[in-house]
Each structure stands twice: as C-alpha cells, then as structure tokens.
Amino acid sequence: MPTALYPGTFDPITFGHIDIVARAAKIFTRVIAVVADNPNKQVLFGTDERVEMARESLKGIDGVEVMQYSGLIVDCLQETDATAIIRGLRALSDVEYEFQMAFTNRNMNTAAETVFLMPSAEYTYLSSSMVKQIVALGGDVGSFVPPFVAGRLARRLKPS
Ligand code: ADP
C-alpha cells in the first residue's frame, strides 16, 4: 500500500491522534503526520514544538514520519508522492466539516482520496482543545497525552 498523509494542527498531539496514526500504519507502508504551519491559526505551541512533540510521540510506530507544511494538503500530496489523506472521525459532529474538506481536496486534485478512521472508543471525545482547557483549570491529562506533552502543557498553561 502507498503513502498516506495525516494532516492536522496537533496543538498538541493526543492519544487520539496517536491511535489514528497506529491504525493508518497498519494499512499503509508509509504514514506522514503533516503538522500544519499556518500563521493564521491560533495555536498554543509553535510549529517546531508541535513537530517535536509529534515526533517523540510517534517514534515507536514503524513507517511513520513527521513533517511540517505550510501549503495546501493537495500540493503536499504531490510533493510526497502520497495517494491518501487520513482523517480521524470522532462524533457525528466531525462529519460535516470533514466531508466539506474531503470534497474540496478532491475538487482540487481528483486523485486525492480521503480515508476516515475511527479511534478507540475511549478517545472519541478527546480533542487538543479539551486537553488545553483541562490543564488550564489545573486538571490531570495523563490519560489523554504522553507524559512529556503533559509536562509541556503544564509549563505553558498551569495556574501558578
Ligand atoms: P485540524 O485543525 O486539522 O482539525 P487536529 O489536530 O485537531 O487538526 O485534528 C487532526 C485530525 O485528527 C482530524 O481529522 C481530527 O478529526 C483527528 N482527531 C483529533 N483528535 C482525535 C481523536 N481523539 N480521535 C480521532 N481523531 C482525532
């Protein structure tokens, strides 16, 4: 099976993202997590930090790479010789936006196939923004993100 891209903001990477990458790596020989370098998007962590956290979190999964990209995902597809775009589907609320994006990408590049994967049930309601809110309120996110990601979040957000 060919290469797949898994684009996202990963601000920061969570066990939900990691679960999706692990599933994708069973189907595709090469999976590239593409960290969006988008100056218009409000993020807590800079692109380099998001890439570093993703690399550290995904290093145990064979065939997985991490890169940053600032353009359209359809252009990244061509540059990397990838044929599929992986996206994770959680609740029904993800569907509308994800469909819109998948069809838009296909309009720009007819060869762009989006593959939707579902995470393990325990991560269905997990999102990066939820994790950030919990840390900001002093809560424990040990079951949602790897320890070094939790450490970075705490240093950045924890009330002193
Ligand atoms: P984006 O800004 O592109 O939505 P995210 O980092 O929030 O970036 O998400 C990237 C992809 O990972 C999306 O397809 C999203 O649905 C998926 N995703 C995020 N969290 C989870 C999770 N807990 N389980 C499954 N998929 C997830």
Side-chain angles (χ1 to χ4, degrees), residues 3-28 30-58 61 64-77 80 82-109 112-136 139-150 152-153 156-157:
T3 300
L5 303 184
Y6 178 39
T9 309
F10 303 103
D11 186 44
I13 190 163
T14 70
F15 285 143
H17 293 118
I18 299 168
D19 178 289
I20 295 294
V21 172
R23 287 172 200 282
K26 286 191 208 149
I27 307 171
F28 296 91
R30 186 171 166 234
V31 176
I32 309 176
V34 181
V35 177
D37 179 20
N38 178 357
N40 297 320
K41 195 143 185 171
Q42 274 240 311
V43 282
L44 177 65
F45 295 104
T47 310
D48 289 348
E49 284 179 290
R50 284 180 282 131
V51 166
E52 201 187 321
M53 287 187 276
R55 281 218 173 103
E56 185 65 26
S57 306
L58 300 172
I61 310 173
V64 176
E65 296 161 37
V66 179
M67 68 180 279
Q68 66 179 72
Y69 197 77
S70 60
L72 290 171
I73 203 65
V74 286
D75 291 334
C76 188
L77 214 60
T80 54
T83 48
I85 300 166
I86 305 288
R87 294 290 288 180
L89 274 190
R90 288 163 290 187
L92 213 55
S93 51
D94 277 344
V95 172
E96 179 94 32
Y97 173 72
E98 293 294 341
F99 270 41
Q100 199 179 353
M101 210 153 62
F103 280 114
T104 306
N105 283 330
R106 190 183 276 167
N107 272 341
M108 290 188 283
N109 174 355
E113 294 298 347
T114 302
V115 176
F116 294 108
L117 296 175
M118 288 185 306
S120 167
E122 63 196 296
Y123 304 133
T124 301
Y125 293 101
L126 176 56
S127 67
S128 300
S129 45
M130 182 84 79
V131 167
K132 286 180 277 192
Q133 283 179 48
I134 294 170
V135 176
D140 175 24
V141 290
S143 50
F144 303 139
V145 296
F148 64 92
V149 174
R152 289 220 182 183
L153 279 162
R156 191 66 56 92
L157 286 175

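None of these values were measured; they are calculated from a predicted model. Whatever order the structure lists them in is the order used to number ligands and atoms, beginning at 1.
Partners of Tyr123 by side-chain hydrogen bond (donor to acceptor under 3.5 Å, both in side chains), not counting sequence neighbours: none found. Partners of Arg23 under the side chain to side chain contact (heavy atoms under 4.5 Å, CB included) rule, at least two apart in sequence or in another chain, are Asp19, Leu117, Ser120. Legend: residues meeting side-chain hydrogen bond (donor to acceptor under 3.5 Å, both in side chains) with Thr47, ordered by chain and number and at least two apart, are Asp37, Arg50.
Electrostatic pairing of Arg156 and Glu49 counts as a salt bridge here, judged by a charged N lying under 4.0 Å from a carboxylate O.
Formation of a donor-acceptor pair under 3.5 Å by the Ser128 side chain with backbone atoms of Phe10 is not found in this model.
Considering every non-hydrogen atom in both Leu126 and Val131, the closest pair reads CD1-CG2, 3.5 Å.
Closer than 4.0 angstrom to ligand 1 sit non-hydrogen atoms from Tyr6, Pro7, Gly8, Thr9, Phe10, Gly16, His17, Ile20, Lys41, Arg87, Gly88, Arg90, Asp94, Glu98, Pro119, Tyr123, Leu126.
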